[in-house]
Amino acid sequence: MWRFLLLIAAAGPALATPPPMAAVVAAWEAQDWPQVRAHLRPMALRGDPAAETLLGVMAARGLGAPADPAVAVAWYLRAARSGYVPARLALADAYRRGEGVARDPAQAARIEQTLAEERR
């Protein structure tokens, strides 16, 4: 899933500001988590939903720090508020699994249903 998120993030127009997403991708592929975080955090704090989502993925998987599903969900929520589809999908998955939030398959289904309706 993270490769999908990186590809989506790389295509996002909001990421035209430095550092380039290519640097994030290179650091990610090298598994240089401190460098990835150093690139993504300023972008996320400026409201970049792709960066927010990737920080959520890092928190969920414990990349560079112990896994913290609640922190992951916080980043997903922040990105999802802007309508960012990968964040909304990650949030639905968190609800389905009960990771970082109370398990709520109905909420996961509502998020996915909303996304499906928006695609029509």
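FYI, side chains are in, hydrogens and waters are out, and symmetry mates aren't considered; it's all heavy atoms of this structure. These figures come from a predicted structure and were not determined experimentally.
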* Structure fact -> So CG of Asp48 and OG of Ser82: to nearest 0.5 Å the spacing works out to 8.5 Å
* Tyr76 side chain reached by Leu55 side chain, heavy atoms, under 4.5 Å -> no
* Which atom names give the shortest non-hydrogen contact between Ala102 and Tyr95, and what distance separates them? -> O-CD2, 3.8 Å
* Run the numbers on Tyr84 and Thr53 for side chain to side chain contact (heavy atoms under 4.5 Å, CB included), then give the verdict. => CA-CA 9 Å; Tyr84 191 60; Thr53 303; 3.2 Å; yes
* Strictly by modelled atom types, are Arg110 and Gln113 linked by a side-chain donor-acceptor pair under 3.5 Å? -> no
* Does the side chain of Leu63 come within less than 4.5 Å of Trp28's, by heavy atoms? -> yes
* Structure fact -> Rounded to the nearest 0.5 Å, the CG atom of Leu115 sits from the CG atom of Leu89 at a distance of 5.5 Å
* Asked: Any salt bridge between Glu112 and Arg96, counting N to O under 4.0 Å?
  -> yes
* Asked: Going through the checks in order, is the side chain to side chain contact (heavy atoms under 4.5 Å, CB included) test met by Thr114 and Arg88?
  -> CA-CA 10 Å; Thr114 300; Arg88 293 163 71 188; 3.6 Å; yes
* Structure fact -> All heavy atoms of Pro42 vs all of His39, minimum pair found to be CD-O, 3.5 Å
* To do: Could you grab the distance from atom CD of Glu29 to atom CD of Gln31, nearest 0.5 Å is fine?
  => 10.0 Å
* **Atom of Ala87, atom of Ala80 and distance for their closest heavy-atom approach** => CB-N, 3.7 Å
* **Spatial distance of atom CD (Glu52) from atom CG (Leu40) [nearest 0.5 Å]** => 10.5 Å
* Provide the closest heavy-atom pair for Gly56 versus Ala72 in the form atom of the first, atom of the second, distance. => O-CB, 3.2 Å
* Asked: Counting distance only, does the side-chain N/O of Arg78 pair as donor-acceptor with the main-chain N or O of Ala44 below 3.5 Å?
  -> yes
* Taking all atoms of both residues into account, what is the closest heavy-atom pair of Ala108 and Ala92, and its distance? -> CB-O, 3.2 Å
* Find the distance between CG (Asp32) and CZ (Arg37) and round it off to the nearest 0.5 Å. => 11.0 Å
* Would Leu54 and Met21 count as a side chain to side chain contact (heavy atoms under 4.5 Å, CB included) if you check the C-alpha gap in whole Å, the side-chain angles of each, and the deciding distance to 0.1 Å? -> CA-CA 11 Å; Leu54 290 171; Met21 188 51 91; 4.2 Å; yes
